[in-house]
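Notes follow the structure.
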Amino acid sequence: MRYQGRITTWKNDKGFGFITPNSGGEQVFVHINSFSSRQRRPEANVLVTYELTVDGKGRSQAKTVAFVGERPTPPKAQGRSNLPPLFAACFLVFLVGAVAAGRLPGTVLALYAVASIIAFFAYAFDKSAALRNRWRTQESTLHLFALFGGWPGALAAQRLLRHKSAKASFQATFWITVVLNCGALGWFLSPSGAKTLNALVGAL
């Protein structure tokens with residue numbers, strides 16, 4: 001969804017400023033790199049159209065910004081590695097194979113699926129809340145979803161929704177939860193872990 005507003009503050013030496021939405025509300029931060037066209041320099045009191053996103057700290061930020069009358073062209077994604085989704089895909093294939101081979105009960109696969117769906121929608125809710133300046137989901141809650149098997153869905157949300165994917169501290173904790181979860185699954189594949197897992201599944 002695109003919005004329209006007026007650049008009310010622009011610091012040319014620093015390359016950023018703020019847009020006041022025509023519909024009212026708080027000002028939106030805008031960086032020079034968010035403009036579709038670099039042939040024209042932004043300045044105050046100029047009308048622009050833009051999309052809304054949030055930065056690593058959850059603040060509203062304009063992206064794919066275009067001057068009124070110009071056609072917006074989204075910038076090309078840079079530096080996005082394919083390793084995380086490839087790792088998640090390999091993990092899911094391994095999980096399905098382990099269930100098919102009888103190494104893991106089908107309940108484990110179902111739990112991962114349910115936890116991933118919950119995690120994905122939790123990320124979607126949090127991004128929507130950030131854009132509307134409403135109540136946010138705590139980062140610790142998002143990490144708990146990942147720790148208890150929802151990390152594939154969380155990773156999908158980070159990539160598809162572009163949420164929580166740029167904040168370094170969040171990403172560091174997220175991957176710690178992934179390692180812990182995979183470590184726990186590896187232990188459940190051991191003889192002693194399998195007994196504990198069967199007891200837990202039987203109690204469900």
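Excluded from the calculations below are hydrogen atoms, water molecules and symmetry mates; all remaining heavy atoms, backbone and side chain alike, are included.
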When every non-hydrogen atom of Pro84 is compared with those of Leu155, the smallest separation belongs to O-CD2, 3.3 Å

**OP:** For the residue pair Val65 and Ser36, establish whether any side-chain heavy-atom pair is separated by less than 4.5 Å.
**Re:** no

Side chain to side chain, Glu43 and Val46, heavy atoms closer than 4.5 Å:
yes

Is there a continuous path of hydrophobic side-chain contacts, each under 4.5 Å between heavy atoms, that joins Val96 to Leu189?
yes

The ring pair (Phe, Tyr, Trp, His ring centres under 6.0 Å) partners of Tyr50 (sequence neighbours excluded) come to Tyr3

Applying side chain to side chain contact (heavy atoms under 4.5 Å, CB included) to Leu180 and not counting sequence neighbours gives Leu147, Ile176

Sorted by chain and residue number, the side-chain hydrogen bond (donor to acceptor under 3.5 Å, both in side chains) partners of Trp187 (sequence neighbours excluded) come out as none

Across all chains, not counting sequence neighbours, the ring pair (Phe, Tyr, Trp, His ring centres under 6.0 Å) partners of Phe188 are none

Those residues at least two apart in sequence (or on a different chain) that pass side chain to side chain contact (heavy atoms under 4.5 Å, CB included) with Phe29 are Phe16, Phe18, His31, Gln61

| Among the clusters formed by ILVMFWY side chains lying less than 4.5 Å apart, do Ile19 and Leu47 turn up in the same one? | no

Looking only at heavy atoms, the pair that brings Ala154 and Ala119 closest together is N-CB, 4.0 Å

Residue pairs meeting ring-ring contact (aromatic ring centres under 6.0 Å, His included), one or both in residues 86-108, sequence neighbours left out, come to Phe87-Trp151, Phe91-Tyr112, Phe91-Trp151

Side chain to side chain contact (heavy atoms under 4.5 Å, CB included) filter on Gln138, not counting sequence neighbours, yields Ser140, Thr141

Residues passing the ring pair (Phe, Tyr, Trp, His ring centres under 6.0 Å) test with Phe174, sequence neighbours excluded, are none

By ring pair (Phe, Tyr, Trp, His ring centres under 6.0 Å), Phe120 pairs with (sequence neighbours left out) none

Sequence neighbours excluded, the answer for side-chain hydrogen bond (donor to acceptor under 3.5 Å, both in side chains) partners of Asn22 is Gln4

Report task. Let me see the working for Lys164 and Asp126 under side-chain contact (heavy atoms from CB on, under 4.5 Å), right down to the final yes or no. Result -> CA-CA 10 Å; Lys164 296 293 186 180; Asp126 186 57; 3.6 Å; yes

Residues passing the side-chain hydrogen bond (donor to acceptor under 3.5 Å, both in side chains) test with Thr20, sequence neighbours excluded, are Thr8, Gln27

Those residues at least two apart in sequence (or on a different chain) that pass side chain to side chain contact (heavy atoms under 4.5 Å, CB included) with Ile118 are Val114, Phe145

- Given Arg41 and Asn12, is the side-chain hydrogen bond (donor to acceptor under 3.5 Å, both in side chains) satisfied, shown in steps? CA-CA 9 Å; Arg41 194 73 181 180; Asn12 198 45; 2.7 Å; yes

Using the rule given for side-chain contact (heavy atoms from CB on, under 4.5 Å), can you reason through Lys11 versus Ile32, listing the C-alpha separation, both sets of side-chain angles and the distance that settles it, and then say yes or no?
CA-CA 10 Å; Lys11 298 183 179 181; Ile32 184 64; over 6 Å; no

Going only through I, L, V, M, F, W and Y residues with side-chain contacts under 4.5 Å, is there a path from Leu144 to Leu185?
no

